[in-house]
Novice: 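Right, I'll just put the structure down here and ask away after.
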Number of protein chains: 2
Amino acid sequence: MKNRILIISREFGSGGRTVGKAVAQRLRIPCYDSELIQKIAEESGFTEGYVARREESAPAGFMSSALASRAFGPTNEDYLWEVQRKVILDLAGQGPCVIVGRCADYILQNEADCLKAFIHASLEYRAERIVRVYGEREESPEQRIREKDKRRAAYHRFYTNMKWGYAKNYHVSLDSQALGIEGCADVLQMLYEKSGKMSE
Amino acid sequence: MKNRILIISREFGSGGRTVGKAVAQRLRIPCYDSELIQKIAEESGFTEGYVARREESAPAGFMSSALASRAFGPTNEDYLWEVQRKVILDLAGQGPCVIVGRCADYILQNEADCLKAFIHASLEYRAERIVRVYGEREESPEQRIREKDKRRAAYHRFYTNMKWGYAKNYHVSLDSQALGIEGCADVLQMLYEKSGKMSE
């Protein structure tokens with residue numbers, strides 16, 4: 001039987017990572033988030049800082065590079081995508097787990113028994129949250145979130161051809177502002193445990 | 001305190017109406033679906049058949065009429081929208097309930113304590129389901145669903161300016177094919193009961 005993997009895609013600042021950690025703790029299974037960056041860095045030979053910057057929350061140079069002509073062979077982004085794909089497939093093969101972000105839903109769609117979740121919240125809530133929880137500077141957090149949203153959407157569209165934030169891409173989408181972090185974790189825990197019973 | 005209303009938007013054939021009825025039965029509150037058509041017909045003076053046809057699953061003439069120039073005053077669609085708005089506001093004022101479809105999420109956004117849900121499923125699942133459950137004819141159900149999807153999306157966009165099927169429009173979006181009708185009902189019951197506790 002394929003391993004059951006809870007995959008969480010999330011808007012920047014929505015608390016999706018915190019939801020993932022909470023569910024993993026309750027289910028007593030590992031949660032891969034920043035651990036993914038470490039593993040991708042190890043496998044690729046790039047530094048963790050470089051991997052983190054060239055991923056979903058990539059800096060401004062990302063788009064021009066990612067969308068550049070392949071006339072001179074694969075770009076760094078293409079190479080990182082291949083390493084990322086391999087790391088995620090390896091982890092999913094090791095046992096049930098939670099994976100946050102990194103297009104894992106797309107990479108694992110035919111390779112694991114996936115429960116695909118999307119966590120979102122309003123711009124205002126996320127702006128307040130990244131200042132309060134991440135300790136980000138208080139100047140115009142909305143503008144920074146808008147830019148991250150744009151890049152994340154473009155990154156997903158480029159590598160997966162899926163529309164970011166579209167409900168049909170996921171088994172369950174949750175508003176962390178309305179339902180709370182714990183409320184989202186309750187739903188995902190219930191669905192994960194239920195799907196286990198269904199497939200056993 | 002405002003009444004708690006569970007509002008279910010759904011793709012045609014996804015079983016969203018069945019989910020709504022199941023949750024309402026468990027919560028022992030009314031569920032308004034075809035009852036809405038009756039009430040809108042009573043209030044507007046149109047027949048139920050006319051109201052049903054001119055609503056979300058409107059026939060081909062709908063778009064040209066709905067998008068027609070208002071130079072000669074409001075169209076029948078505008079008049080029906082106003083009646084629908086009044087009927088939904090009245091029902092929401094009477095007590096906790098489940099309302100299926102009819103842009104109730106938009107109409108009640110500032111008028112009730114809403115839990116907004118969206119039920120979706122793949123085209124293949126819905127095609128199989130409308131033949132099996134609704135007894136629809138077996139010729140090309142996919143094509144009929146595609147047309148209904150298009151009209152429902154256009155109807156919502158026109159009256160609410162919201163993108164149909166976009167996760168951020170809802171507190172919770174669920175795939176009825178992956179999670180099952182009962183699985184969707186479990187999630188909505190839990191969230192409804194929890195939100196009750198939160199606001200009490």
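Below, read A as the first sequence line, B as the second, and so on, with proteins coming before strands; counting in each chain starts at 1.
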Novice: Do A:Met190 and B:Leu6 share a hydrophobic cluster (ILVMFWY, side-chain heavy atoms under 4.5 Å, transitive)?
Specialist: yes
Novice: Can you tell which part of A:Asp186 gets under 4.5 Å to a heavy atom of chain B, answering side chain, backbone, both or neither?
Specialist: both
Novice: Measure distances from A:Phe118 to the heavy atoms of chain B and classify the residue's part below 4.5 Å as side chain, backbone, both or neither.
Specialist: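 Just its side chain gets close to chain B.
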Novice: Taking atom CD of A:Gln25 as the centre, report whether more than 12 heavy atoms of other residues, nucleotides or ligands fall under 6.0 Å from it.
Specialist: no
Novice: Under 6.0 Å from the CZ atom of A:Arg17, do we count more than 12 heavy atoms belonging to anything else shown?
Specialist: no
Novice: Using every non-hydrogen atom in the two residues, find where B:Tyr166 and A:Trp164 come nearest and quote the distance to one decimal.
Specialist: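 For B:Tyr166 and A:Trp164, the tightest heavy-atom pair comes out as CE1-O, 3.9 Å.
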Novice: Is there a path of hydrophobic side-chain contacts, each under 4.5 Å between heavy atoms of I/L/V/M/F/W/Y residues, joining B:Val83 to B:Ile88?
Specialist: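 Yes; tracing contacts between hydrophobic side chains, which count when under 4.5 Å, links both residues.
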Novice: Taking the side chain from A:His171 and the backbone from B:Leu179, do they hold a donor-acceptor pair closer than 3.5 Å?
Specialist: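 Not confirmed, A:His171 side chain does not pair with B:Leu179 backbone.
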Novice: Could you tell me whether the side chain of B:Lys168 and the main chain of A:Gly165 form a donor-acceptor pair under 3.5 Å?
Specialist: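 Here the side-chain-to-backbone pair does not exist.
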Novice: Are there more than 12 heavy atoms of other residues, nucleotides or ligands under 6.0 Å from atom NZ of A:Lys21?
Specialist: yes
Novice: How about CZ on A:Arg28, more than 12 heavy atoms from neighbouring residues, nucleotides or ligands closer than 6.0 Å, or not?
Specialist: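 For A:Arg28, atom CZ is not crowded (no more than 12 foreign heavy atoms under 6.0 Å).
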Novice: Counting only non-hydrogen atoms closer than 4.5 Å, does A:Glu11 touch chain B with its backbone (N, CA, C, O), its side chain (CB onward), both, or neither?
Specialist: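 Side chain only.
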Novice: Could you check which of B:Cys184, B:Gly183, B:Ala167, B:Ala121 has the highest count of heavy-atom pairs closer than 4.5 Å to chain A?
Specialist: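 Top count of heavy-atom pairs under 4.5 Å with chain A: B:Ala167.
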Novice: With heavy-atom distances below 4.5 Å as the criterion, would you say the side chains of A:Leu191 and B:Val187 are in contact?
Specialist: yes
